[in-house]
There are 2 protein chains.
Amino acid sequence: MNAPSTDAPVPAHEAVYRALRSQILDGELAPGASLTLRGVAERLGVSMTPAREAVRRLVAERALAMTDTGRVQVPLPDADALDELFRARSLLEPELAVRALPRIDKALISQLRAIDERLGSCLEAGDAAGYVRANNAFHGLLYSRAEAPALMALVESVWLQTSPVMRRVYGRTGTGALVDYHEAALDALAARDAEALAAAIRSDVEQGMMLAREAAPPGR
Amino acid sequence: MNAPSTDAPVPAHEAVYRALRSQILDGELAPGASLTLRGVAERLGVSMTPAREAVRRLVAERALAMTDTGRVQVPLPDADALDELFRARSLLEPELAVRALPRIDKALISQLRAIDERLGSCLEAGDAAGYVRANNAFHGLLYSRAEAPALMALVESVWLQTSPVMRRVYGRTGTGALVDYHEAALDALAARDAEALAAAIRSDVEQGMMLAREAAPPGR
DNA sequence: CGGCGCGAATTGTGATCACATCGTGCCGGG
DNA sequence: CCCGGCACGATGTGATCACAATTCGCGCCG
């Protein structure tokens, strides 16, 4: 019913988790929207038990937030929280990129270039969801070559928290005047220049932080 | 049922989570040990449902690992995983320390000094569990002043993964020839020297990595 | 004496139910 | 017209049950 494309049988709670996760990453779940266990369960055709596990897993990853009374909703990080999250990204992601560098080949660079073009067209078309998805794909594909699952898990947890805001960002601003640091990263990749690669990734993340800051509720 | 001392009622799954979490952090759960949901549930006097939620939450935080057949066990990170984890700590923890710096007062410094002394005595006494606990307390108390919950959550996830190994480390090595970077950190705190503080924390983490590397199974 | 297959006990998964609590809207009084 | 309390519905929590897959031990065969 959900995604029978893979031959490996996926447990119900895993399917629910993936569905919710991708909806959060793609910004289909608006920040502030509240979820109910029965609602999620019925929407995805399972009982409450796997729905609860998936929701709690996302809460553990801070992709969802729970009030002290157990109500679940998509969190909207304030400016301070965003500052923390993007700071974490600017510290961790260059490390992942540099670790991936030795394992990069021409084929991957062209894949990345293709994603970057799709990203550019989403930006022109004003397709915020597509932009966020392509951006995640770009970084995710690059970092996957680092073969660093523990670091990757940390970064993905941060993405889960920032994505809803980014969706909002690209949906509202004119998306103009954006420097394409992905190009710089690709050049550094081709030149096998670790220093330049780290700088490009860091700049890319920090540019995201600038944008996010404008669209987020003020901090304390 | 278990700890009615606090006035705030703690849900069963939360109680189970805290119990398991502290057992992992203190090294009471040996790496490689396997857990069963029914075992955990019975041991803590709850039914399977909250036990499952607590275990899955810890799995989501990578403090526990699940085989593809659903079996749960305490993971023993190999050398490569440890390298990732300590690298993350050396990137994130100086940031937390520096963010805490403006909010440090004399009272906190003396609290930290007290913890550091307890840490030293645990080291002399060969109390590995006490050492790990005191070390976590030292870093945790310092970083709590950063008021950066998102960053803190990332670091705590990493601690959950490294603690079992550290317990093993301090249990086996003679714990000799350890430079006390905590002293250096305290001095930097007193002098309000952000640069020196970051360097001390980074050195402390990297020293831990050196020790852990020896006691971990080799990587790929 | 050692490897191997088979069966029983164990284990994770998912569904369903009972219950306490919380949120919400409605109604009556000021 | 507005505010406050009350009742009903909705929601999270936890327990229990049925089931399928897996694991492990025991006995058998080579």
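Values below: every heavy atom of this structure, side chains too, minus hydrogens, waters and symmetry copies. Sequence lines set the chain letters: A, B, ... in the order given, protein chains first and strands last, and positions in each chain run from 1.
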### Task
For T69(A) and for R52(A), find the nucleotide of DNA chain C with the closest heavy atom, then tell me which residue's nucleotide is more 5'.
R52(A)
### Task
Could you say whether M48(B) or T67(A) is positioned toward the 5' end of DNA chain C, judged by the nucleotide with the nearest heavy atom to each?
M48(B)
### Query
Nearest to the side chain of S47(B), which nucleotide is it out of dT16(C), dT13(D), dG14(D)?
dG14(D)
### Task
Identify which nucleotide among dG14(D), dG14(C), dT10(C) has an atom closest to any side-chain atom of R71(B), counting heavy atoms from C-beta outward.
dT10(C)
### Task
List in chain and number order the residues that pass side chain to side chain donor-acceptor pair (under 3.5 Å) with R71(B), two or more places apart in sequence or in another chain; answer none if no residue qualifies.
none
### Summary
By nearest-heavy-atom nucleotide on DNA chain D, the more 5' of R38(B) and E53(B) is E53(B)
### Query
Within the pair R56(B) and dT13(C), is there a side-chain N or O less than 4.0 Å away from OP1 or OP2?
yes
### Message
Does a side-chain N or O of T49(B) approach OP1 or OP2 of dG14(D) to a distance below 4.0 Å, or not?
### Response
no
### Message
So if I take the C1' atoms of five pairs at each end of the helix from dC1(C)-dG30(D) to dG30(C)-dC1(D) and get each local axis, what angle do the two axes make, rounded to 10 degrees?
### Response
20°
### Task
Search all heavy atoms of A148(B) against all heavy atoms of E84(A) and return the closest pair with its distance.
C-OE1, 2.9 Å
### Message
Would you say the rings of H13(B) and Y17(B) are close, in the sense that their centroids are separated by under 6.0 Å?
### Response
no
### Query
Looking for any heavy atom pair under 4.0 Å, which part of the strands does T36(A) touch: base, sugar-phosphate only, or nothing?
sugar-phosphate
### With sequence neighbours excluded, residues passing salt bridge (charged side-chain N to carboxylate O under 4.0 Å, His left out) with R202(A)
none
### Query
Is the H182(B) ring parallel, tilted or perpendicular to the F138(B) ring (thresholds 30°, 60°)?
parallel
